[in-house]
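Report on the following structure.
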Amino acid sequence: MYRRLIILSVIILAALGGLLWMGYHSIRIRAQGLEGARLGEFAAVAEQIRQDVTLTLDEFMRTEQSRPYTDYQYYYVPENVAPGQQQMPVLRSPLAGRLEQGLAYGNFQIEPDGSVITPNDNVDQRQDLTDFDNELFAEALSNRKNIENNLLPALRGTMGGPLKMNLESEIAPQVGPETVEQDQFAKEAAQRDKLSQSYLIESLQSKGQKTQVIEQKRSVLEQNVISNEAAQSQRQIQEGATQAEQITGLYERQTATPDENQTETVQVRIEPFFPVVAPGGRAKGDSASQQAESMFGGQVFLLRHVQIEDRHFLQGFQLNEKMLVERIEESASRFVRKGMSFELSPREDARNNGDVAHAAILNFGFGDLALNLKEIDPGWIGKEIRHLRIWYVGIVSIVLLAVALGLASLWHNAGAQIKLAQKKDDFISAVSHELRTPLTSIRMYSEMLEKNWVKSQDKAVEYYRNMRQESERLSRLIENVLDFSRIQRGRKKYTFNVGDMNKCVADVVEMMEPFAAQKGFSIKAELCRLEQSAFDSDAVTQIVVNLLDNAIKYARNTEDKTIIVRTKSDDRFILIEVEDHGPGVPHRQRKKIFEQFYRSGAEDTRETTGTGLGLALVKKFAEAHNGFVEIDGAKPTGVIFRVALAARM
Ligand code: ADP
């Protein structure tokens, strides 16, 4: 029994240990998983932002690419002149009147001779210039100066010597080495900080854009050139240039000497935009502070090469960095997820920034921006895991407690079972013994009577009486065992009849008196007057018999061999008391003696016979009468058993 229990306990504890271990590791894995998933989320957000910014920039570049080359000049001559119209209309560029459109700032054209024109230069003859016009002209002038002072030297510097308009391939690679160098730099940064990741945004590169070749009517083109060159001269005069310094354009000469072989239309070749990073700040405002603000470490220009026959010039605009940053920030604020924040900074700041969860290096090819994605609450994963741990410890404690209680109760039950089995063994040996003693007496007396060994008639009567008493004892014993078995199986039936309980008690006393007398006892009945009540007379008889039997058995060595049987009543109960003056029952045993099979003392040293069923049955019978049994000490020694039976009709 215990061996199986030990094996079971070991298995349960081992399984529990395994579960605890698994739980602990699951939490660790969950923590790692959360961190990994969150890093993945950051990377996904950065990728979404990259795609969104790419879309915006692609669209912007598409618009700029499709912009007619004439928009970059002062005037343009519409292609489709109404039939019959003699004079070709000359219109101001649609870009005149504003410096910004989308991400482009201050569109301009670098003429073949290196001079710069912009659609917003003051070339108007008008006298009615408003403050707005003047402001715009001033800003356009500053823009132009910026291009002349910063962009042109940069272009000349990288290409060495004079500015060559037809060598886009020579200009474009100047971005190349810087990009390579920056990529190297990005790689180093990424190695130093594993959280950095580069996101390439190619929209502002020439890649993906196509060279456009358009046909233009020669007459329109020539008119266009004339108008613009006239305006250019006008502007130079306004700016105080001497006549000698005025630009005399190529086309002026061409138009002066018309060639017979000239075709009706002219091919205009417009190549894709390419970025150039020039030093210095923007044309607008204080250049030093603008430069400090630039995240790319300089001003970014997007240039395209235009070729009309053998005339080459560059067109372009400055990338509105402030607007670009705004677009990226707007995109980032749309895509960041719960608990995330972001901050855009120059690429250098992506490193050495402890609280950045993911530094997305937005690589535009000519320069990088760092989009630093952060946790608003960097400790949230730790907190979540702590909560999980608290729950885990709580649940584990409950499970451990439950298992401990379960095992304790199993062990307790096993102990009780073992004790019960022991008691049953004792019971069987006690019953056998109890049966053998009266049977031996009966056999002995009947043999003596049969063989006529009895000396006198009185002796014969005595033997007969002894035989009767022994048979009665046997009957009592068998009655107890049978009743106990019926109760155990739930088959015990009680018959409640209304009657006088005193009479039932008196009958038992009378029946037991000779047996008691033989053992030297006298039974005194003190019966109060009782109301009629309903009771099972067999059960009441057995209660009194068992109590008297015990009194005779356990008080046999005492001097005062008086047993008192009392009946009393109160409002609710009829009480039957049996008092003896024997050794009494120690306090600590007073509950136990009513348990089935319980007998005090060790089996082998016990002097009295018995089965341990007597008092258990008394208790059951009392309970069947909605009553109870209790025990009290008697004076000077001994015990009073009080059985309370509900006085019902
Ligand atoms: P049994 O008498 O067969 O042992 P019982 O259920 O009648 O079984 O009694 C249980 C135990 O109670 C006895 O073993 C005895 O120790 C104790 N007991 C019962 N009656 C008395 C009594 N009158 N005086 C002292 N001890 C008693």
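First listed ligand is number 1; within each ligand, the first listed atom is number 1.
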Salt bridge check, [Y] against [X]: does any charged N sit closer than 4.0 Å to a carboxylate O?
X: Glu595; Y: Lys592; value: no
X: Lys383; Y: Asp377; value: yes
X: Lys524; Y: Glu526; value: yes

Handout entry: Near-ring test Phe573/Phe628, centroid separation under 6.0 angstrom
Key = yes

Exercise for the section: Determine whether the aromatic ring centres of Trp391 and His387 lie less than 6.0 Å apart. Expected result: no

Ligand-residue contact atoms, ligand 1 with [X], heavy atoms, under 4.0 Å:
X: Val585; result: 25 (C), 26 (N), 27 (C)
X: Tyr598; result: 10 (C)
X: Lys553; result: 1 (P), 2 (O), 3 (O)
X: Gly610; result: 3 (O)
X: Asp580; result: 22 (C), 23 (N)
X: Gly584; result: 25 (C)
X: Gly614; result: 5 (P), 6 (O), 7 (O)
X: Arg599; result: 1 (P), 3 (O), 4 (O), 14 (O)

Exercise for the section: Please work out which of Thr611, Ile593, Leu477, Asn546 has its closest non-hydrogen atom nearest to atom 3 (O) of ligand 1. Expected result: Thr611

Does [X] reach ligand 1 with a nitrogen or oxygen that is under 3.5 Å from one of the ligand's nitrogen or oxygen atoms?
X: Val639; answer: no
X: Leu615; answer: yes
X: Tyr554; answer: yes
X: Asn550; answer: yes

Exercise for the section: Count the heavy atoms of every other residue, nucleotide or ligand shown that sit under 6.0 Å from OH of Tyr494, and state whether that count exceeds 12. Expected result: yes

Exercise for the section: Report the part of Leu547 in contact with ligand 1, treating N, CA, C, O as backbone and CB onward as side chain, heavy atoms under 4.0 Å; options are side chain, backbone, both, neither. Expected result: neither

Exercise for the section: Go through the side-chain N and O atoms of Ser345 and Asn372 and say whether any donor and acceptor fall under 3.5 Å apart. Expected result: yes

Practice task
Take Leu407 and Leu13 through the side-chain contact (heavy atoms from CB on, under 4.5 Å) test and state the conclusion after the steps.
Solution key: CA-CA 10 Å; Leu407 282 178; Leu13 290 176; 4.3 Å; yes

Problem - Value rounded to 0.5 Å, distance of OG in Ser537 from CG in Asp507 - result: 9.5 Å

Exercise for the section: Please answer whether the main-chain N or O of Asp536 pairs with a side-chain N or O of His625 as donor and acceptor at a distance below 3.5 Å. Expected result: yes

Ligand 1 contact by [X], heavy-atom criterion under 4.0 angstrom:
X: Ala555; result: no
X: Gly612; result: yes
X: Phe594; result: no

Practice task
Any chance you could lay out the side-chain contact (heavy atoms from CB on, under 4.5 Å) test for Leu474 and Leu435, step after step, and finish with the verdict?
Solution key: CA-CA 7 Å; Leu474 262 182; Leu435 287 175; 3.4 Å; yes

